[in-house]
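For ligands, and for the atoms within them, numbers begin at 1 and follow the listed sequence. The residues of the chain are indexed from 1 along the displayed sequence.
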Amino acid sequence: MKKFIENLPKVELHLHIEGSLEPELMFELAQRNNIAIPFDSVDAIRAAYQFENLQSFLDIYYQGANVLINEQDFYDLTWAYLLRCKQDNVIHTEIFFDPQTHTDRGIAFDTVINGIHRALTDAQKELNISSQLIMSFLRHLDEDSAIATLEMAKPHLDKIAAVGLDSSEVGNPPEKFARVFKQAIELSLLPVAHAGEEGPADYIHQALNHLQVKRIDHGVRCVDDAQLVQQLIETKMPLTVCPLSNIKLKVFEQMTDHNIVELLRQGLQVTINSDDPAYFGGYMTDNFIAVADAHPATKQELAQFTINAIEASFINEQQKLNYINQVNNYLVNA
Ligand code: HPA
Ligand code: ZN
């Protein structure tokens, strides 16, 4: 099954580009930009990646992002992730970036987006990987800051497909961001939001009702509300689930407790994603293997995660058909 998973075409819909910053590159950028970090080696950085919950991760994740200064840094970060995509047979990826993490420390919005976008353009040409960009608002900050960020994005709308909502979930419900999401939708940006990772099932309702989201990021706590699960099935609402992330952040104690395969078998539109692979110990293939090891599944079921992701992606219908054919061809010959 390992070979089958390695070669299976994959589509990633939940990846924070800042969360793909590997300790080696963090160290290199700290030296290149003369930024002090509280670690004296790559091993010391890795050793610090022990988390109790989402917040304990976020504290280290935002600190790590401090080494990103110049456009080339954002290019190098994104390019390194895309090379890993190639290795894992990821054919399409939809990437979150957190502008406020950078603009709040004086880095220009243009610096961030131009570096990321240039790498995505090169990846289409050189690696045959297609992509979309999702601008994510930090929910621990206020809505006015999100609105100011949307304003900065206006000259770059050709590069951005969607808006998202991430960071500290509990205490920062989706309804707090209803106005900025309405404005984003009016600009033809597609809405998605993290909900039901650590927060309650009600936050999933709020994301659907107040933000009009097209996908729920994480969403695994939906199981606390049977009626909501039924609604998610009937509306084919995609959930971008991140298995290794959920274990590292103790959303589930161990992979055998994870509900992703159960949700798939109930008919939910679940997908497998890596979230912050440099911090959580694995990219796409690692996540598929971890799920399959803990929950024996058929090749058809594993391929269904990719089919679900293609259907849930923000590419056009023709591209979706092409990718679905690619997966089906792989499956009949596997
Ligand atoms: N949840 C919330 N915010 C985040 C995450 C996550 O999994 N990763 C990066 N920011
Ligand atoms: Zn996430």
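For the side chain to side chain contact (heavy atoms under 4.5 Å, CB included) with Phe97, the qualifying choice from His117, His102, Met135, His16 is Met135, the only one to do so. For the side chain to side chain donor-acceptor pair (under 3.5 Å) with Thr240, the qualifying choice from Asp275, Thr271, Asp217, Asn308 is Asp217, the only one to do so. With Phe57 as the fixed residue, the ring pair (Phe, Tyr, Trp, His ring centres under 6.0 Å) test singles out one of Phe280, Tyr49, Tyr62: Phe280.
A cation-pi contact, defined as under 6.0 Å to the ring centre and within 45° of the axis, links Arg215 to Phe314.
Ligand 1 is surrounded by His16, Leu54, Phe57, Leu58, Tyr61, Asp166, Ser167, His194, Glu197, His218, Asp275, Asp276, each with at least one heavy atom closer than 4.0 Å.
Ring orientation note: the planes of Phe305 and Phe288 are nearly perpendicular, at an angle over 60° on the 30°/60° scale.
Under the 3.5 Å distance criterion, with hydrogens and angles disregarded, no donor-acceptor pair is assigned to the side chains of Gln326 and Asn322. Between the side chains of Ser130 and Tyr323, at least one donor N or O sits under 3.5 Å from an acceptor N or O.
Among protein atoms, those of element N, O or S found less than 2.8 Å away from the Zn ion (ligand 2) are His14 NE2, His16 NE2, His194 NE2, Asp275 OD1.
Arg179 has a carboxylate O that lies under 4.0 Å from a charged side-chain N of Asp144, or vice versa, which qualifies the two as a salt bridge.
Here the NZ-NE2 distance, from Lys320 to His92, works out to 9.5 Å after rounding to the nearest 0.5 Å.
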